[in-house]
Amino acid sequence: EVQLQASGGGLVETGGSLRLSCAASGFSFDDYYIGWFRQAPGKEREAVSCINMRDAKTIYAGPVKGRFTISSDNAKNTVYLQMNSLKPEDTAVYYCVVSDRSCSFYADRYDIWGQGTLVTVSS
């Protein structure tokens with residue numbers, strides 16, 4: 001069974017840091033594109049970042065560029081999202097997602113969605 005498990009969310013103060021993890025079971029990340037999306041209460045989901053597991057190329061959405069870093073540990077079949085300088089507007093449920101086509105800021109490019117992990121940034 002193919003599963004994605006996101007973890008690492010929690011409550012943090014403005015300016016703080018968190019590291020999210022996305023672990024896969026049932027398949028290998030090696031040939032895929034692994035991304036993060038987020039959805040804040042009352043808002044549409046938005047892309048955060050994505051990494052090409054073949055060559056480690058990454059993309060970042062404008063609001064998180066320079067603050068968030070996506071990385072991978074292929075041996076552990078895990079992708080990380082290091083989030084620094086967190087702001088209240090980063091509060092959202094974060095989802096890890098998988099595409100077999102490319103990294104994209106469009107949600108419909110991703111075929112597998114994991115359960116989210118909640119990040120709350122207090123002001």
Side-chain angles (χ1 to χ4, degrees):
E1 181 184 4
V2 172
Q3 284 190 330
L4 290 176
Q5 181 64 51
S7 61
L11 174 63
V12 64
E13 294 183 345
T14 295
S17 298
L18 281 175
R19 188 177 79 159
L20 306 183
S21 299
C22 176
S25 60
F27 72 106
S28 171
F29 273 167
D30 289 353
D31 295 325
Y32 292 91
Y33 305 83
I34 314 301
W36 289 93
F37 275 70
R38 66 185 182 184
Q39 187 165 22
K43 295 188 177 181
E44 293 189 358
R45 62 188 172 184
E46 62 176 352
V48 176
S49 182
C50 180
I51 184 168
N52 180 337
M53 296 297 284
R54 294 176 183 174
D55 60 14
K57 288 185 178 179
T58 59
I59 61 171
Y60 294 94
V64 307
K65 196 173 293 186
R67 299 188 297 123
F68 290 12
T69 302
I70 191 170
S71 63
S72 66
D73 184 333
N74 292 51
K76 294 183 178 180
N77 219 29
T78 300
V79 167
Y80 304 99
L81 186 69
Q82 178 66 43
M83 307 186 296
N84 298 329
S85 303
L86 283 162
K87 306 174 182 180
E89 50 263 45
D90 295 318
T91 294
V93 176
Y94 284 71
Y95 300 91
C96 60
V97 294
V98 178
S99 171
D100 62 358
R101 288 168 281 182
S102 66
C103 276
S104 171
F105 293 130
Y106 296 98
D108 62 4
R109 290 290 185 93
Y110 297 89
D111 307 300
I112 303 173
W113 289 67
Q115 291 187 330
T117 185
L118 177 62
V119 172
T120 304
V121 185
S122 62
S123 57

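These numbers come from the heavy atoms of this one structure, side chains and all, not from hydrogens, waters or symmetry mates.
Put simply, OG on S123 and CD on E13 are 10.0 Å apart, with the number rounded to the nearest 0.5 Å. To the nearest 0.5 angstrom, F105 atom CZ is 8.5 Å from C103 atom SG. Going from atom OG of S21 over to atom CD of Q5 covers 10.5 Å, rounded to the nearest 0.5 Å. The structure places CZ of F68 at 6.0 Å from CG of L81, a figure rounded to the nearest 0.5 Å. The distance from atom CG of L20 to atom OG1 of T78, rounded to the nearest 0.5 Å, is 12.5 Å. Between the CG atom in D30 and the CG atom in N77 there is a gap of 6.5 Å [rounded to 0.5 Å].
In this structure a side-chain-to-backbone donor-acceptor pair under 3.5 Å is present from Y60 to I70. Looking only at distances, a side-chain donor or acceptor of S99 sits under 3.5 Å from a matching main-chain atom of R109.
Within the 4.5 Å cutoff, the side chain of V97 has no heavy atoms near those of the Y32 side chain. Taking the side chain as every heavy atom from C-beta outward, P88 and T14 approach each other to under 4.5 Å.
By the criterion of side-chain heavy atoms lying less than 4.5 angstrom apart, applied directly or through intervening Ile, Leu, Val, Met, Phe, Trp or Tyr residues, L118 is not grouped with L4; the two fall into different hydrophobic clusters. The hydrophobic clustering, which links ILVMFWY residues whose side-chain heavy atoms are closer than 4.5 Å, places V64 and L86 together. The hydrophobic cluster containing Y95 does not contain V98, counting ILVMFWY residues as joined when their side-chain heavy atoms lie under 4.5 angstrom apart, directly or transitively. A chain of hydrophobic side-chain contacts below 4.5 Å, direct or via other Ile, Leu, Val, Met, Phe, Trp or Tyr residues, connects V79 to F27.
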Validation: residues 47-57 side-chain donor-acceptor distances under 3.5 Å, sequence neighbours left out:
| from | atom 1 | to | atom 2 | distance (Å) |
| --- | --- | --- | --- | --- |
| S49 | OG | I59 | O | 2.8 |
| N52 | OD1 | R54 | N | 2.8 |
| N52 | ND2 | D55 | OD1 | 3.2 |
| D55 | OD1 | K57 | N | 2.9 |

Per-pair distances, 0.1 Å, donor-acceptor, side chain in residues 33-43, under 3.5 Å, sequence neighbours excluded:
| from | atom 1 | to | atom 2 | distance (Å) |
| --- | --- | --- | --- | --- |
| R38 | NE | E46 | OE2 | 2.6 |
| R38 | NH1 | D90 | OD1 | 2.9 |
| R38 | NH1 | Y94 | OH | 2.9 |
| R38 | NH2 | E46 | OE2 | 3.0 |
| Q39 | NE2 | K43 | O | 3.1 |

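Atom CD of Q82 sits in a crowded spot, with more than 12 heavy atoms from other residues, nucleotides or ligands closer than 6.0 Å. Around atom CZ of R67, more than 12 heavy atoms belonging to other residues, nucleotides or ligands sit under 6.0 Å away.
Across all their heavy atoms, Q115 and A6 have their closest contact at O-CB, 3.4 Å.
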